[in-house]
Amino acid sequence: MTQTTVEKTPVTLLGLGAMGTALARTWLAAGHPLTVWNRTRPRATALAAEGAAVADTAAEAVAANSLVVVCLLDDTSVDDVLSGTDLAGKDLVNLTTSTPAQARARAAWARERGARYLDGGIMAVPPMIGVPEAGGYVFYSGSPRLFERHRRTLGVPAGTTYVGEDAGFAALHDVALLSAMYGMFAGTAHAFALIRDEDIDPAALAPLLADWLVAMVPAVHRTAEQLRSGDYTKGVVSHLAMQVAGTPTFLSTAEQQGVSPELLTPYFQLMRRRLAEGGGEEDLTGVIDLLAVGAAVR
Ligand SMILES: NC(=O)c1ccc[n+]([C@@H]2O[C@H](COP(=O)([O-])OP(=O)(O)OC[C@H]3O[C@@H](n4cnc5c(N)ncnc54)[C@H](OP(=O)(O)O)[C@@H]3O)[C@@H](O)[C@H]2O)c1
């Protein structure tokens, strides 16, 4: 064992799916002693050739090191895997995607078993792991002391962004960002559907679409400012009344192109409701108020 290896925090990693394997490789490449376990053993033995110690059981892997990282399919598999292990005194970092409620419950569950807990939400796909220029990172929430203690080790596979002591916040940030992403994907699906049967090359539309989306992105900062101030007219550029007046153009165009408006109509309905409530001079921020479940069923 080299001097460099001795200085690196040893890591136990449970779960060697696509993501776990990518994580494992970066810690090994960075010289961290790594103990791995996976339900299907061949995935673990493949890493033995790269220097990982392969544990026979999850309990043995947990016993090997104080820092235990878990990257399994879902919260149920975390339960399955960790229930037979002794977590007392361990630093448990759970990178399995979960809901905020599951993360909070898992934090309490870990505390009851004598472990310190950090939850993580991975904002990357496996090829981005260990590639800093790819921009992937992981949201962390839970014990701030635990985050500080392992910040450097956790920063080996991807960037680290700590979002608070509430263990559910990493999951909440993760889902918030991905939800916005699905809104963007929905919009681009509608845009491509509109041109699909025309003599327009999708590859010619793509850069125009990408540039337009990028140009619109700064609007999120205006939305945040309006939410903070409570004044939804602050800095408004295109007020709601004007935007609602334009919606028939979008719906008629969809009809003329033989495209279902089903991805657009829920948002347009919310815009119209806010206008009906007197929000005509506002930005689109009032829609957020209507999304509160109580407001949606009114
Ligand atoms: N892949 C991505 O792009 C991506 C991006 C961000 C976040 N994530 C999150 O990272 C986590 C892992 O994703 P992945 O891509 O590695 O998934 P994956 O390739 O499907 O691997 C799932 C892992 O969970 C294990 N597993 C599933 N059920 C189990 C159970 N009941 N008991 C024990 N082990 C069980 C699998 O073991 P076997 O090998 O034995 O099946 C495997 O190690 C997920 O929570 C995912 O949401 C993934």
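Order of appearance sets the numbers: ligands from 1, and atoms from 1 within every ligand.
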Would R151 and E148 pass as an ion pair if we require N to O under 4.0 Å?
-> yes

No-hydrogen, no-angle side-chain donor-acceptor test under 3.5 Å, T233 and D231 = yes

Could you tell me which residues satisfy salt bridge (Lys or Arg N to Asp or Glu O under 4.0 Å) with D166, sequence neighbours excluded, listed by chain and number?
-> R104

The protein residues that pass the under-4.0 Å heavy-atom test against ligand 1 are G15, L16, G17, A18, M19, G20, N38, R39, T40, R43, C71, L72, L73, S77, D80, V81, T96, T97, I122, A124, V125, P126

May I ask you to say whether D283 pairs ionically with K234, meaning some side-chain N is under 4.0 Å from a carboxylate O?
-> no

Any salt bridge between R113 and D86, counting N to O under 4.0 Å?
-> no

Does the ring center of F147 lie less than 6.0 Å from the ring center of Y140?
-> yes

